[in-house]
Amino acid sequence: MIKKILLILAAIFLTYQSYILVTRIHNFQAESWIALFFIAWIINLFITGIFAFSGFALPTQKLLPESFYTVRNPSALKKIYQSLNVDFFRTFLLATVWRNKEMRKGYFNGKKTGISNLITQSKKSEFGHFLPFVIINGVAIYFFMIGHYTLAIFTLAFNFIGNFYPVLLQRHHRMRIQRLQKIKQARSIK
């Protein structure tokens with residue numbers, strides 16, 4: 001219970017910090033690309049963190065309807081997945097962030113019984129990246145509108161890699177699971 005409260009407080013803190021950072025950016029005059037790059041990264045980190053901390057504490061994936069998580073056009077998803085080289089992104093994550101096997105087992109334990117947890121975790125992860133993706137795109141549009149073009153471009157780039165790629169990855173996981181579930185269901189009917 002204390003852990004959930006701390007995670008929610010962290011999400012509230014990041015919400016406040018994100019608001020302050022975005023609303024005060026119009027006064028910011030940076031000549032350095034490095035400073036703009038860093039600010040774009042921080043904005044992405046803070047806004048995505050809001051939903052990450054919330055998702056660790058609460059069943060946030062239930063805020064979107066179940067139909068949102070259903071992959072309706074697997075062939076289009078596969079084409080996008082391949083053309084954007086999302087598999088390279090997945091390999092990078094497994095080599096860095098998810099290299100710890102114990103961490104991965106919390107997501108999927110490798111057994112049939114772990115599939116429902118994998119589905120839940122993929123929905124939670126997708127929600128935790130989809131909403132920030134939408135919000136950060138709005139923030140980038142705001143930056144364009146106030147004339148911070150370089151900051152907007154950096155913000156969009158981080159958002160694309162840090163949120164859009166994970167959404168595609170989670171949808172790809174569920175597409176594969178849906179296919180397995182259909183095969184299992186067809187076998188049980190026979």
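One-based numbering along the sequence shown. Quick note: numbers below take in every heavy atom, side chains included, and nothing from hydrogens, waters or symmetry partners.
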Using distance only, find each side-chain donor-acceptor pair of residues 139-146 under 3.5 Å and give its atom names and separation, not counting sequence neighbours.
none

Pairs of donor and acceptor atoms involving the side chains of residues 35-57, under 3.5 Å and at least two apart or interchain, shall be tabulated with distances.
| from | atom 1 | to | atom 2 | distance (Å) |
| --- | --- | --- | --- | --- |
| Asn44 | OD1 | Asn159 | N | 3.1 |
| Asn44 | ND2 | Ala40 | O | 2.9 |
| Asn44 | ND2 | Thr155 | O | 3.2 |
| Thr48 | OG1 | Asn44 | O | 2.8 |
| Thr48 | OG1 | Asn163 | OD1 | 3.3 |
| Thr48 | OG1 | Asn163 | ND2 | 3.1 |
| Ser54 | OG | Ile50 | O | 2.8 |

Test side chain to side chain contact (heavy atoms under 4.5 Å, CB included) applied to His172 and Val71, step by step: CA-CA 8 Å; His172 191 264; Val71 178; over 6 Å; no
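Hydrophobic clustering (side-chain heavy atoms under 4.5 Å, transitive across Ile, Leu, Val, Met, Phe, Trp, Tyr) groups Ile135 together with Phe127. Residues Ile8 and Leu63 do not share a hydrophobic cluster, clusters being chains of Ile/Leu/Val/Met/Phe/Trp/Tyr side chains in contact below 4.5 Å. At a threshold of 4.5 Å between side-chain heavy atoms, the hydrophobic network of Ile, Leu, Val, Met, Phe, Trp and Tyr places Leu94 and Leu169 in one connected group. Under a hydrophobic-cluster definition in which Ile, Leu, Val, Met, Phe, Trp and Tyr are linked whenever side-chain heavy atoms come within less than 4.5 Å, directly or via other members, Tyr149 and Val22 are assigned to different clusters. Linking ILVMFWY side-chain heavy atoms closer than 4.5 Å, directly or via other members, places Leu118 and Val86 in a single hydrophobic cluster.
Tested against Tyr165 for a ring-ring contact (aromatic ring centres under 6.0 Å, His included), the candidates Phe89, Phe158, Phe92, Phe88 yield a single pass: Phe89.
In this view, Ser83 satisfies the side-chain contact (heavy atoms from CB on, under 4.5 Å) rule with no residue, not counting sequence neighbours. Residues meeting the side-chain contact (heavy atoms from CB on, under 4.5 Å) test with Ile2, sequence neighbours left out: Leu6. For the side-chain contact (heavy atoms from CB on, under 4.5 Å) test, residues two or more places apart in sequence or in another chain that qualify with Ile115 are Phe108, Ile119, Ile177. Scored by the ring pair (Phe, Tyr, Trp, His ring centres under 6.0 Å) test, Tyr69 finds no partners at all (sequence neighbours excluded). In this view, Lys123 and Glu66 satisfy the salt bridge (Lys or Arg N to Asp or Glu O under 4.0 Å) rule, not counting sequence neighbours. Applying the side-chain hydrogen bond (donor to acceptor under 3.5 Å, both in side chains) rule to Ser125 yields the partners Tyr107; only residues at least two apart in sequence or on another chain are considered. Listed by chain and number, the residues in a side-chain contact (heavy atoms from CB on, under 4.5 Å) with Ile80 are Leu84, Leu168 (sequence neighbours excluded). Evaluation of the side-chain hydrogen bond (donor to acceptor under 3.5 Å, both in side chains) rule for Tyr81 yields Asp87 as partners, not counting sequence neighbours.
Counting only residues at least two apart or on different chains, no side chain to side chain donor-acceptor pair (under 3.5 Å) pair has a member in residues 13-27. Listed by first then second residue, pairs satisfying salt bridge (charged side-chain N to carboxylate O under 4.0 Å, His left out) with a partner in residues 152-172 read Glu126-Arg171, not counting sequence neighbours.
Under the 6.0 Å cut-off for aromatic ring centres, Phe130 and Phe68 qualify, their centroids lying closer than that.
Within a 6.0 Å radius of CZ in Phe28, more than 12 heavy atoms belonging to other residues, nucleotides or ligands are found.
Here the side chain of Arg72 pairs a donor or acceptor atom with the backbone of Ser67 at under 3.5 angstrom. Although no hydrogens or angles enter the test, the distance criterion places no donor-acceptor pair under 3.5 Å between the side chain of His173 and the main chain of Ser122.
Two residues are said to be in side-chain contact when any heavy atoms from C-beta on lie closer than 4.5 Å; Met175 and Lys78 meet this criterion.
Closest of all the heavy-atom pairs between Pro59 and Lys124 is CA-NZ, 3.6 Å.
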